[in-house]
Amino acid sequence: MNASPAPLAPTRAPSLHATGMRKVFGELVALDDVELHVRAGTVHALLGENGAGKSTLVKCIMGFYRQDAGTVRLDGEEVHVRSPKDAQAAGIGMVYQHFTLVPSLTAAENLVVARADAPAIIDWGKERAKLQAFMARMPFRVPLDVPVADLSAGEKQKLEILKLLALDQRFLILDEPTSVLTPDEADEVLGLLGRMAHEGQITVLMITHKFREVSAYADDVTVLRRGALAGSGPALSLGVERLSRLMIGETTLRARAERRPVDGDTVLELAGLFAHHPDGSEAFHGINLKVREGEIVGIAGVSGNGQSALVEALAGQRPLSDGRIFIRGEPFEPKRDAYHRFKVFGLPEEPLKNAAVPRMSVAENIAFRSFDRPPISGAGGWMSLRPLRQRAQELIERYRVKTPSPDTPIEHLSGGNVQRAILARELSGDVDVLVVANPCFGLDFASVAEIRAQIMDARNRGAAVLLVSEDLDEILELADRVAVMSEGRIDYVAPIGETDRTTIGKHMAAHGP
Amino acid sequence: MLGTAPPGVAMAKAKAPLRLGPAVEVVVIVTGALLTAAAIFSLFLLAIGHSPVRFFELVYIGGFGSSFSFQNTLRRAAPLILTGLAFAIPARIGLTMIGAEGALVIGALAAAALAVPIVTQGWPVALTLTAMALAAVFAGGLWTGFAGWLRHSRGVNETISTLLLAYIATAVLFFFVEGPLRDPGSANRPSTMPIGRDYMIGTLPGTNVHWGLVAGILCCIVLWLVMSRTTFGFAVRLSGGNPRAALAQGLPVGKLVVLCAAIAGGLAGLAGFFEVAAVHGQANAALVAGYGFTGILVAFLARQNPLAIIPVAILFGALAASGGLIQRRMGLPDASVLVLQGTIFVTLLAAETLYGRFKIFRPRGDER
């Protein structure tokens with residue numbers, strides 16, 4: 001393969017047909033006789049819940065896994081992909097959810113080192129000329145001489161795609177390509193890819209769970225559910241209603257909790273908060289925000305704009321360099337006594353990583369809030385295990401946590417059940433302040449509906465909720481007010497009724513002064 | 001997305017498989033590692049022309065063969081119990097502290113140094129020994145507590161700092177026993193002043209095993225209770241299991257880290273106290289006997305469980321006790337026992353990766 005591909009021929013886009021795909025992990029059937037037909041020169045959406053088998057299918061096609069049965073045909077010819085290298089040779093390339101570029105290298109350097117046959121000694125003059133010629137043929141461009149770290153997320157995403165095109169890969173698999181982009185960037189990238197596909201230059205297979213992207217950009221859809229093919233067809237013929245039926249099957253989702261009007265005083269106040277990364281760069285800058293009783297304030301923003309640092313600061317995981325947090329007018333420090341006194345609770349993202357101790361039991365994990373208070377803790381810090389277990393048992397039933405026993409290590413539970421156990425711990429009591437971060441990340445529909453309803457319930461009971469989410473739909477559904485965080489600043493706050501997706505998107509993309 | 005476990009998916013119908021508990025898993029894997037080490041060491045013995053059968057026979061005779069040899073074993077097990085705990089307790093909060101040797105030496109030196117003026121003034125025995133023990137625990141605690149503080153406030157890797165502090169401790173010991181605290185009567189072997197027969201801790205009635213064994217076993221039981229049944233232990237396990245979650249619960253993770261590190265040093269210091277007050281009667285180079293380092297191995301084999309440390313320490317006590325016999329009967333150097341210890345350590349570390357690999361040990365329903 002060469003860094004300077006032949007000029008794009010008009011009919012280069014391959015078709016891909018995977019039939020009878022089956023993959024078993026131990027006793028789990030991850031893929032069961034799945035079929036996928038991607039027509040040449042189309043954008044094909046692969047839709048499904050978390051755990052439906054989308055990633056497994058794609059990893060089989062890419063050679064990360066070997067399927068137990070089934071064949072993959074590219075342009076009608078069977079291909080045997082045993083490793084990602086084989087996939088590359090066959091012209092199948094993948095853009096991952098997380099960037100795979102080297103941040104300290106420039107775009108040009110990244111493009112050259114990505115080649116399988118990158119020479120030991122690089123003649124930069126020659127390479128540059130080739131790259132510039134290549135760029136000139138592309139419908140979108142990225143500055144070649146800037147370190148990747150200084151590119152915006154949209155530019156990085158484009159560079160990832162350019163990287164594949166430079167390697168002459170015409171079947172592109174995109175794994176949730178828009179999760180790190182603003183709505184505008186997403187529209188731009190998907191629009192460009194769609195155009196290239198329809199010109200017959202590439203074929204795109206896009207893993208997603210966003211209906212909006214499917215109806216706007218996909219030609220065909222394949223829906224997986226629990227490792228099996230649930231349905232497929234032209235995107236136009238399948239409405240959102242039908243798609244969601246195919247995705248979740250007959251599961252009934254918890255109805256959306258009603259938003260009751262609550263008019264309260266300010267409970268949580270962030271006053272001029274600053275924090276830094278360990279390397280000294282600024283994580284966020286002068287954050288001012290007030291959250292009233294019975295109000296959900298949603299902080300929207302593209303991943304990596306300081307939201308996670310803000311959540312860490314509120315959770316005591318990151319020191320503030322300046323500013324104060326007040327709760328009901330009193331200064332608040334993220335210490336155990338203050339959490340208890342002010343009734344501050346939190347639902348962090350990826351609970352197994354941030355809110356649980358994987359090796360401790362479900363009961364112990366549920367007791368994190370209460371282990372050092374009566375009735376569990378007695379004189380001299382001696383713990384009574386009976387009330388600990390009793391309380392856990394109660395909450396496990398009330399929150400329908402599926403676990404073999406309260407003594408099972410929590411790491412053995414599924415993601416949704418871990419999240420429910422954490423919900424039980426954080427929401428079962430009297431909650432005044434709730435800090436929530438991407439609570440539904442990686443969960444199935446039923447869990448998502450349940451968790452959002454619980455958050456709304458907490459709000460309706462009078463909690464001041466700060467919801468940090470990268471999922472704009474989640475914020476639009478739950479928040480009373482929305483604040484947009486961009487480059488560590490909050491410059492835009494508006495009641496949800498007075499703003500819309502476009503306005504929020506524009507502020508998400510705004511760059512600081 | 002890559003590299004994550006295969007996504008959750010439809011469950012195939014299957015008969016409920018036979019499952020054993022995690023406790024069985026530990027025993028099977030640890031035993032497997034020990035047998036592997038024994039096999040590798042046997043090959044080593046064969047290669048240098050000795051009989052492995054004879055070797056293990058002598059280990060048995062030297063360690064457990066008679067009442068005398070078993071008492072010898074227990075005497076050597078006593079400090080190992082404490083130094084094993086000194087590794088196991090900080091390990092529960094996620095620290096890998098390998099410098100118990102240093103805290104033991106510093107504790108012993110503190111006890112001996114304190115004894116010199118007290119003994120000449122004729123304090124009562126019980127009071128003297130208590131003061132010496134406290135000095136040893138305190139000095140050892142400060143020594144490794146410092147490493148914990150460095151870790152918490154400066155992000156210094158505690159494994160490196162404790163290892164280096166162990167070398168410093170040895171140098172400090174040599175400085176004092178060869179300089180300011182040297183007993184002029186100790187000609188060939190520089191030592192501090194002997195505390196004298198009257199001030200030595202006696203042995204358990206009817207044996208020549210000193211009270212350090214009892215102290216060690218008590219410490220194991222107490223710390224096991226503290227770790228499993230108190231809020232302190234719970235907070236330590238929480239902080240060790242997931243520091244981010246612990247911080248989000250408002251726990252003082254930094255303080256707990258320093259405290260656990262200090263407890264470790266205190267335990268090793270206590271071992272040092274017994275070495276002075278029950279074995280040597282003075283501080284000298286004999287204190288640097290590797291108990292601190294063998295303790296790491298003990299804790300590893302016991303999987304940081306305070307109660308399991310007791311039998312494991314006895315096993316390693318036997319190994320150490322049989323060293324002399326092996327030297328005499330087989331003509332093998334004393335260090336051959338260390339070769340076996342090292343081999344065990346390597347196989348044990350390799351075996352760590354086996355946990356969770358065998359489906360038979362997982363609870364039913366967990367089919368990852």
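Model, not experiment: these values are computed from the prediction. So you know, we letter chains A, B, ... as the sequences are listed, proteins then strands, and number each from 1.
Looking at Arg425(A), the atoms closer than 4.5 Å to chain B (heavy atoms on both sides) all sit in the side chain, from C-beta outward. Ala235(B) touches chain A through backbone and side chain together, each having a heavy atom under 4.5 Å away. With a 4.5 angstrom heavy-atom cutoff, Phe368(A) touches chain B via backbone and side-chain atoms both. Residue Lys23(A) does not touch chain B at all, counting heavy-atom pairs closer than 4.5 Å. The part of Pro358(A) that comes within reach of chain B is its side chain, from C-beta onward, which places non-hydrogen atoms under 4.5 angstrom from that chain. Both the backbone and the side chain of Glu364(A) come within contact range of chain B, judged by heavy atoms closer than 4.5 Å.
Taken from CG in Leu352(A) to CG in Asn242(B), the straight-line distance is 8.0 Å, to the nearest 0.5 Å. Here the CD-CZ distance, from Gln249(B) to Arg336(A), works out to 5.5 Å after rounding to the nearest 0.5 Å.
Counting heavy-atom pairs under 4.5 Å between each of Leu385(A), Val435(A), Asp372(A) and chain B puts Leu385(A) at the top. Among the candidates Thr230(B), Thr231(B), Leu251(B), Leu247(B), the residue making the largest number of heavy-atom pairs closer than 4.5 Å to chain A is Thr231(B). In terms of heavy-atom pairs under 4.5 Å with chain B, the best-connected choice from Pro334(A), Gly378(A), Ala356(A) is Ala356(A).
Within 6.0 Å of CZ in Phe138(B) there are 12 or fewer heavy atoms belonging to other residues, nucleotides or ligands. Crowding of Phe342(A) atom CZ: a count of heavy atoms from other residues, nucleotides or ligands under 6.0 Å exceeding 12. Counting non-hydrogen atoms of neighbouring residues, nucleotides and ligands closer than 6.0 angstrom, the CZ atom of Arg359(A) reaches no more than 12 such neighbours. More than 12 heavy atoms of other residues, nucleotides or ligands shown are found within 6.0 angstrom of CD on Glu352(B).
Residues Phe234(B) and Ala367(A) approach most closely at CZ-CB, 4.5 Å, considering heavy atoms. Gln317(A) and Arg244(B) make their closest contact through NE2-O, 2.7 Å (heavy atoms, listed as atom of the first residue, atom of the second, distance).
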